[in-house]
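Everything below concerns the one structure shown next.
Below, chains carry the letters A, B, ... as their sequence lines are ordered, and counting in each starts from 1. Just the heavy atoms: all of them, side chains too, but no hydrogens, waters or symmetry mates, feed the values below.
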Amino acid sequence: MKPASFEYIRIDSAAEACAQLAEHGEDARILAGGQSLVTVLNMRLAQPQRLLDISRAKALDYVRIDGGKLVIGASATQASVEWRPGLAKEVPLLALAFPNISHFQIRNRGTVCGSVAHADPSAELPLCLALLDGEVVLRSRRGARVLKAGAFFQGMLMTARQPDELVEEVRYPLASPGTGHAFEEFSSRHGDFAIVACAAAVNGDGIRFAVGGVADRPRVVTLPRLAGNALDDALNDFAWELEARDDPHASAAYRRHLVRQIGRRVIEQAGRAIPSAGGH
Amino acid sequence: MNRLEQEQQHLVTVTLNGVSRSGRAETRTLLSDFLRHELGATGTHVGCEHGVCGACTVRIDGVAARACLTLAVQVDGRRVDTVEGLADRDGMLNDLQQAFRRSHALQCGFCTAGILNSCTDFLERVPMPTEQQVRDMLSGHLCRCTGYTPIVAAVLEVAAARQTQPEETIDA
Amino acid sequence: MKREDPVVAMAQDAPFVGRPLERVEDAALLTGRGRYGDDLGIKPGTLHAAVLRSPHGHAILKGIDTTAAEAARGVRAVLIGEDVRRWSQPFVVGVKEPMEHWSLAVDRVRYVGEPVAVVVAEDRYLAEDAVDLIRVEYEPLPAVVGIETAIAADAPVLHPAVGTNIVSDRSFRYGDPEAAFADAPHRVSLTVHYPRNSCTPLEGGVVIAEHLPGDEGYEVTSNFMGPFSLHAVIALALKVPGARLRHKVPRDSGGSFGVKQSVFPYVVLMCLASRKAGAPVKWVEDRLEHLAGATSATGRLATIEAAVESDGRITALSFDQFDDVGGYLRAPEPATFYRMHGCLTGAYAVRNLRVRNRVVLTNKTPAGLVRGFGGPQVYFALERLVQRISVVLGLDPLDVYRRNFVPPQAFPYRAAAGALLDSGDYPAALALAVREGGFAELQQRRDAARAEGRLYGIGFAAIVEPSISNMGYITTVLTAEQRAKAGPKNGAIASATVSIDLLGSVSVVVASAPAGQGHMTVCAQVVADAFGLRPEQIVTNVDFDTQKDAWSVAAGNYSSRFAGAVAGTVHLAAVKLRDKLARIAAHQFGLAADEIAFAGGKVFPRSAPERAIPFARAASSAHWAPALLPEGETLGLRETVFWSPEPLAAPDAEDHVNTSAAYGFAFDICAVEVDRATGRVRIDRYVTAHDAGKILNPALADGQIRGAFAQGLGAALMEEFRYADDGGFLSGTFADYLVPTTCEVPDPVILHMETPSPFTPLGAKGLGEGNNMSTPACVANAVADALSTLGDISDLRLPLTPAKVMALIGFDDPAPSKPRERAPEPAAAAGGGRALTATGTTEIGASPEAVFRVLLDPAALTKVIPGCHALQPIGENRYRADVTVGVGLVKARYEAEISLSELDPPRSLRLTGAGLSALGSARGSGRVTLEAIPNGTRLSYDYRAEVSGKVAAVGSRMLEGAARVVLGQLFEQLGRQAGGAAPKPVSWWDRLLRLLGVNK
Ligand SMILES: Cc1cc2nc3c(=O)[nH]c(=O)nc-3n(C[C@H](O)[C@H](O)[C@H](O)COP(=O)(O)OP(=O)(O)OC[C@H]3O[C@@H](n4cnc5c(N)ncnc54)[C@H](O)[C@@H]3O)c2cc1C
Ligand code: FES
Ligand code: FES
């Protein structure tokens, strides 16, 4: 299990990355945390001609609050977000999701943008971005464009990113007062990719509910504040819409079952998590 | 920007356990192979080469990370700490190593180096962890021999002991 | 600190046996200074090997082209089947059948991962580069995956010369089972499946092999750990005398659990690779290779039946068992059956027994030693049956146990099939577990949980744990006549050497090949006690060398033989040397030898301790002054002892066999709660009570139990090697083959009692495999009890994953409120059974004729097939093509053949493709039917694809989705090529359209 040969280019800025991507397109791959890419290289499931290593690009290593959003640069590790003292207030959903993402040692190196760019259908960070209707900033020599998560994620490991584009940053909206969040995941073992992951944001207007691990990408549904049988029916319809797949760990029917079970729990939890008015 | 050709040997210099060390690596050489076979630091083990088992965990600039998912050329100019650097120069085991020995937290010892590195980083960030926190952190390591119980016990014991020995306490 | 007389202090600590001493191994292991196989210095010029492995479960090897590989950078040799035929011969097989198993496939491959070629290059990276350049032509054959399919009359046969997949079929009868079954008021039976799994040590196999000049043979260092009876198998395969195969074992091994036995074929393979390369060769097994190709416990299908009295007493047992040994019967198989044969009646006094054992070949990795070896399979049947008996007869399971246990006064007890159960008190162990394990409290918890409608259950398992295998047990597979011809095999010879040097320091050499069990520590404890020294004063050497150390047939680290056999033999050797030293000292003191005592680092007359001389002096004079030796005393201070347990006879004419020298006992209680919503099993408490005779180091004993428990729990809940129908292997990474992490393993309650074995020198027995045997059955029994409130559920199949348990609980899957077109329902079952299939329809804005034209036009078809660059016609409607299939960052370039057949223009056709890449093989075939609709065509497809090799092994989580992506791309292009208009999709297909909308 050793990678095939490649050229290695250490990148210091977005401009450098874009220049290389413009020149080489599909033949170049961004190396961010490497926690997905290097496993794939070791197994030789991919043999890119060159790697553009952005992991030490200071200019892209930032996490800041800007315009009501938590803005995370391409080189910022998952740990640098997870260990922010204020995260539970800023983006409570992320604080809830992080412990489910792989392991301490992986989050130390893996990046948030890398997880979003990779678009694993079971990954938690894309799921959170989709639920919160966050944004992805794509930069190329042609300029920058901002896509909503819903437009960015297009299928299993497929996104709207063009070969010459860098995922420059992702933006998670800060929690708005009056909204409660919850996250729950069912996986084979602690830290494994989700068999089913559910996230919910509930406020006076209604419910936003998202599921990962079932469809080919994170899927979101917006519902009125339903409860009881009406909620169960809505969840069931959504579970079917996801067109669950089978894999050696779970059947499609079992995945639908988990969406119904965990979905309901998560929505109820999110409802209970709405900060009481005037609380803080 | 720095461009390194493929199929060439490149000089990589790291501060390995406090000592500046250099060796040759191709762009694709994994840090785990570089440490073991180029620098001779065979204490770092390789159990899967896909990030799951944790045996290869080292500290890069103090942060626990998988050597098998890191390229040697990526650590050029950085600090890498491995199990060989834990005991003092006279070979006196540090508190964590001693606790592992006392608790029988290792059998074949193949997983141990990685676990010690994770714990070293983790306990600096979370000096007084709960058992659940320790278990979560250790879930990034597979051990086929011990059933984990003695490992968890050793880590908790060290955390508690460091609290009562203020000179060794690291501020959170 | 007070200064104490060191002699007094030492004497106070003794004896050291029985104490939880810290390990002497740990200083090295904790500082990164271990000496594992891949850490050892190698000779300059040593080359590195990578193995090309079969992507097919079953195929004929039609050709192999190594030209490009041989020309690649850094490559020095490529070993293929031809070379292997020239320089070696097939491995000897344990049954008399014409099966050939070579270290490398020569004409056929029989499991995914089977070695097909070895590249030897200047480093491993280069070797792997060249592996990808080897072109192999395979003719795939139908694969045989399940036991049920393998034994079917029309099953494809793996070894045509044998003519059947059942390579051994033996029946046994003890007592009068027919009468007992006829007389019994009740018969309870159960059919169980035990999955393929393994203990997957964290370190893989390592072999460093050198072909020596001239006729000198081979020299090898590897982490093969025995049984060294296989040294003969290796030497025979290499066609050299045993003495010309020098094999060394490094001091440290990163776990074995029996599994490193499977390194032995690679010893042969690397010896041959070295011969071809003309240089030493090193091979390090990586995780993908290990999971796919190393070994596995046998899968077992067993029907077990008991004749039972109304009070639960079992009067007869019947086993009808099939063992899935994989593609070859590799030594020591079919030992999985026969290791347990003598004690098949478990802990129970059952005199009537009927057994039928059939060994079955399937297209899977060859089975071999895996901790527990045979025990997990037997006890999963037997202990589940005991649970069933209590359910069916409405009895308290503990009463069923108590009524059937071999009574304490009956030891040593000759079991029906011949095991001589040496010692024990099974009812006392049960009582200990019930009392100290808090059984009453667990019952209360169960009552409380059930009152709330929760699923809570308690299970038990009682197991007899054999240790120190009889080297003759495997011959039970032969008939008495065959055995008589071959000559008897029995015993289990262990060896140990103890010596004292000029300065009086003591060293021990054992051929035990440890892998973390603390052999050095225990040997030091045992020898320190013999000489009145401290363990720190004893040096133990475990880096075993077949040319220099004393060893015999049973050497190695398996069958829990260390405590009973090896440590016992060390004790015998130490005592022998001590007695010699006593004679020498007695001569100098002018006393009789039995008046000399050893304690506190001194040697002294028992009656006059004040005349003590330091141990070192007593020893050194034997070296420096041979003239002072008593008359007739031999020179030198070194004793080697060979020991074999006395009760281990060869199988008798009636097939009675005492399969092991000692038999420990464990009684386990497990309480679980099953989550009704998800099917997840949570262990609430696990209690395990052991009687392993004399415990030599309690800390190490508990370590063994905890480790075995974690593995047993993994086998119960998550571990399984999964295969697809075509033989494709689906568990190639540690993200697919799931082993428990610290978050899944609770802390078991461990209890001990000691009834020493009369048959081992120190009274010790093995205890390291018990929980591999008991825990899977015990957890399953607890789950069965938890689900008992839902109905009579008896068919529990391991691993009990949440998905499987949920299926047992049953759940509604209500239809959606709005009727919707069904998505193409992929048919792959959870558990990874079938190939990928999909059916669906899509609408295309062009006429059926237009669609058909596209399919028949090579230029247009090129654009339709995803990732296809050019089609090269090789026949009518048959093409060769390079196809790059990519999903996300994963890309595989296949050399493919594509064909159209069953043409019925413009209504239907079949589109078939088959390709091979360095990542494995892919085959697919789909029937496409076209139907005219108002503004175009409705296209229906029914597709079946098989993906095997690396992609399937490491990507099973994604395969289904990937197939959909590729199919989606195909139909999208078909629509475009046919009509220019994008297809109008139905159901899941609409997402692809939306995707297009964004892209346009
Ligand atoms: C043992 C293990 C367990 C894991 N478990 C989980 C889990 O439970 N949940 C989960 O979500 N993830 C899991 N992961 C994956 C982990 O979270 C990865 O870190 C993450 O998916 C990718 O981030 P990265 O920075 O490592 O990206 P890399 O591996 O460096 O890159 C991944 C892909 O994204 C591309 N890419 C990366 N950054 C950019 C960018 N800025 N612009 C354009 N393209 C880019 C790369 O070219 C590559 O194709 C696990 C990984 C391991 C090894
Ligand atoms: S070897 Fe790096 S995680 Fe297993
Ligand atoms: S001690 Fe052997 S794997 Fe952990």
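Top candidate by heavy-atom pairs under 4.5 Å with chain C, chosen from B:His141, B:Gln132, B:His37, is B:His37. Options B:Leu106, B:Val52, B:Asp136 differ in how many heavy-atom pairs under 4.5 Å they form with chain C, and the most are formed by B:Leu106. Note: C:Asp39 leads C:Leu29, C:Asp39, C:Ile705 in heavy-atom pairs under 4.5 Å with chain B. Comparing C:Glu203, C:Gln517, C:Arg33, C:His290 by heavy-atom pairs within less than 4.5 Å of chain B, the highest count is held by C:Glu203. Across C:Glu25, C:Arg35, C:Arg73, C:Glu744, the residue that shares the most heavy-atom pairs under 4.5 angstrom with chain B is C:Arg73.
Ion pair B:Arg28/C:Asp129 flagged as a salt bridge, since at least one NZ, NE, NH1 or NH2 atom sits closer than 4.0 Å to an Asp/Glu carboxylate oxygen.
Using a 4.5 Å cut-off between heavy atoms, C:Pro514 makes no contact with chain B at all. Contacts of B:Leu93 with chain C are made by side-chain atoms alone, with heavy-atom separations under 4.5 Å and no backbone atom involved. With a threshold of 4.5 angstrom between heavy atoms, B:Glu7 approaches chain C through its backbone and through its side chain. Residue B:Ala113: no heavy atom, backbone or side chain, is found under 4.5 Å from chain C. Looking at C:Leu738, there are no atoms closer than 4.5 Å to chain B (heavy atoms on both sides), in backbone or side chain. Both the backbone and the side chain of B:Thr29 come within contact range of chain C, with heavy atoms under 4.5 Å apart. Proximity to chain B involves both the backbone and the side chain of C:Asp747, based on heavy atoms less than 4.5 angstrom apart. There is no contact between B:Ile151 and chain C, counting heavy-atom distances below 4.5 Å. For chain B, the nearby parts of C:Ala27 are the backbone and the side chain; heavy atoms of each come within less than 4.5 Å. For a residue to count as touching a neighbouring chain, one of its non-hydrogen atoms must lie under 4.5 Å from one of that chain's; by this rule B:Thr146 touches chain C with the backbone only. Contact of B:Arg101 with chain C is made through backbone and side chain together, with heavy-atom distances under 4.5 Å. Proximity to chain C (any heavy atom under 4.5 Å) is shown, for B:Val83, by both the backbone and the side chain.
In summary, the side chains of B:Asp33 and C:Tyr125 do present a donor paired with an acceptor at a separation below 3.5 Å, with no hydrogens or angles considered.
Of the inter-residue distances, the one linking B:Cys48 atom SG with C:Leu288 atom CG reads 10.0 Å to the nearest 0.5 angstrom. For the atom pair B:Cys108 SG and C:Tyr36 OH, the distance stands at 5.5 Å (nearest 0.5 Å). Atom NE2 of B:His104 and atom OG1 of C:Thr521 lie 8.0 Å apart (nearest 0.5 Å). For the atom pair C:Gln704 CD and B:Cys145 SG, the distance stands at 8.0 Å (nearest 0.5 Å). Atom-to-atom distance recorded for C:Cys743:SG and B:Met137:CE is 10.5 Å, nearest 0.5 angstrom. Note that CG of B:Asp88 is 11.5 Å distant from OG1 of C:Thr31, once rounded to the nearest 0.5 Å.
Here the side chains of C:Asp38 and B:His45 are not in contact, with every heavy-atom distance at 4.5 Å or above.
A donor-acceptor pair under 3.5 Å is absent between the side-chain atoms of C:Arg287 and the main chain of B:His50, judged by distance alone. A donor-acceptor pair under 3.5 Å is formed between the side chain of B:Gln107 and the backbone N or O of C:Gly703. In this structure, B:Gln97 contributes its side chain and C:Leu30 its backbone to a donor-acceptor pair below 3.5 Å. Of the possible donor and acceptor atoms, none in the side chain of C:Arg706 sits under 3.5 Å from a partner among the backbone N and O of B:Pro150.
Residues B:Gly47 and C:Phe734 come closest through the heavy atom pair O-CE1, 4.1 Å. Minimum interatomic distance between B:Gly147 and C:Ala710 (heavy atoms only, all atoms of both residues): CA-CB, 3.7 Å. Residue C:Cys199 comes nearest to B:Arg144 through the heavy atom pair O-NE, 2.8 Å, listed as atom of the first residue, atom of the second, then distance.
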Residues C:Glu22, B:Arg102; criterion salt bridge (charged side-chain N to carboxylate O under 4.0 Å, His left out); working and verdict: CA-CA 6 Å; C:Glu22 289 183 11; B:Arg102 257 195 321 278; 5.6 Å; no

CA sep, side-chain torsions, deciding dist, call: B:Glu49, C:Arg124, salt bridge (charged side-chain N to carboxylate O under 4.0 Å, His left out): CA-CA 14 Å; B:Glu49 294 180 309; C:Arg124 174 67 176 248; over 6 Å; no

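When each of C:Thr741, C:Thr742, C:Thr200 is paired with B:Leu142, the side-chain contact (heavy atoms from CB on, under 4.5 Å) condition holds for C:Thr741 and for no other.
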